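In what follows, a structure is listed as structure tokens, so that the remarks can point back to it.
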Amino acid sequence: MARIVMKFGGTSVANIERIQNVARKVKIEADAGNEVAVVVSAMAGVTNQLVQYCSDISAVCDPREYDVVVSSGEQVTSGLLAMALQELGIDARSWQGWQIPIHTNQVYSKARISTIEGDAMVAQMGAGRVAVVPGFQGVSSENRVTTLGRGGSDTSAVALAAALKADRCDIYTDVDGVYTCDPRIVTKAQKLDRITYEEMLEMASQGAKVLQTRSVEMAMKHRVRLRVLSSFEEGPGTLVVDEEEIVEQQLVSGIAYSRDEAKITLQNVSDRPGVAASIFGPLADAAVNVDMIVQNVSADGSATDLTFTVGKADLQRATQVLEARKEDLQYSKLVADDNVVKVSVIGVGMRSHAGVAQSMFNALAEKGINIQVISTSEIKVSVLIAEEYTELALRALHTAYGLDVA
Ligand code: ASP
Ligand code: MG
């Protein structure tokens, strides 16, 4: 007997038949004598619709009421799944975020979980009752509903698994696991049996959409045994584990890409102390996240170009902030370009092997793809290239690192 958390994403609960399919999967685990908590997303498309309603009513809506509205999709699926389980003869009830409770801070629409008081729920799970929990939601200290940011149900599931000290956290989705690259683009991509937390974290934050980045962070911190698998096909999925659990480590485990980047270049920025602070400070104040940054050394010690990337959605805000400060910052010209994609090769194996970046540069050079910006971390090399080369670059890199399925 084990204690498990099962999480089902929006496509897995997209309609009544699929909710019934989920109920059958849950029944198998419950019948095996496991204590089960199920976390559900809203039906596919529902959250987008709810977000749309909010922006139709109010351009800058009250974040507390926004959370009341957008959290409702998960409330619906939690009740429906509890009913579907009851129809199968399984004792089940739903637990809303405020009922458990899942405490969060007060950053409405992007709240972070502080603590989960699972005792009452665990007591009922121990008595054989399946707990159905709406993902994405919690409650703030002022007793109002909060949501955890888009894709937040993954984080709900992992947080719950950590709080309940679950033996496993199974994330059911519409793909059968984590792939070496997006299989819609790279047909020779392979499903990974295992991936390390560190790699999964980089994959998620560099654009792979299979798990919300924060959920991976949390799983890594609390050592939650995480598995990604399909709710439509049988199969073992992909296990996210500690590095020690991977016997033969590949040099590169996966290639991620993000079209969500935009590039800004400030030309002729003066080369003196404090300039970076005066540029990135106001951007941070405007809640613009900056990702890659390159600054050259000026030839004559006076002026240089500074290039960096921001999220596409933030591009307009970022240019406004910088243009408003053109006088102070003393740059000559701002050039914005949103026709870019960031491609990242990821693998813990690169910690101990040289030449990974070089193979990337070679593979791109052979295809005549120009690299605009480069950034690296211990287990990742990212490049920014023109968006039209996305497919070509991903396929070339996948082959270059020997990841193609035989
Ligand atoms: N329903 C929410 C969203 O679409 C949360 C989730 O599904 O993870 O973002
Ligand atoms: Mg999701």
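Note that ligands are numbered from 1 as they come in the structure, with each ligand's atoms numbered from 1 the same way. All figures in this text were calculated on a predicted structure; none of them were measured in a lab.
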Below a 4.0 angstrom heavy-atom separation, can you tell me which part of Q212, side chain or backbone, both or neither, approaches ligand 1? neither
G152 heavy atom under 4.0 Å from ligand 1: yes
Atoms in ligand 1 flagged as close to E74, the criterion being non-hydrogen separation under 4.0 Å: 1 (N), 2 (C), 5 (C), 6 (C), 7 (O)
So for G151, does at least one of its heavy atoms come nearer than 4.0 angstrom to any atom of ligand 1? yes
Atom 4 (O) of ligand 1: the protein heavy-atom neighbour that sits closest, reported with distance to 0.1 Å: R150 NH2, 2.9 Å
Mind jotting down which residue pairs meet the side-chain hydrogen bond (donor to acceptor under 3.5 Å, both in side chains) criterion with at least one end in residues 277-288? Sequence neighbours excluded, please. none
Test your reading of the structure: does K7 have an N or O sitting under 3.5 Å from an N or O of ligand 1? no
Between N105 and S140, which heavy-atom pair has the shortest distance, and what is it? O-CB, 3.8 Å
Closest to atom 6 (C) of ligand 1 among protein heavy atoms sits S153 OG, 3.3 Å
If you apply the rule ring-ring contact (aromatic ring centres under 6.0 Å, His included), what do you find for Y172 with F232, and how did you get there? CA-CA 9 Å; Y172 288 85; F232 305 113; 9.9 Å; no
Check each atom of ligand 1 against the heavy atoms of S41 and keep those under 4.0 Å away; list them by number with element. 6 (C), 7 (O), 8 (O)
Is any side-chain N of the basic residue among D260 and K312 closer than 4.0 Å to the acidic one's carboxylate O? no
Would you say that more than 12 heavy atoms from the other residues, nucleotides or ligands in this model lie under 6.0 Å from the OH of Y53, or not? no
side-chain contact (heavy atoms from CB on, under 4.5 Å) filter on I369, not counting sequence neighbours, yields L364, K367, I385, Y389, L392, A393
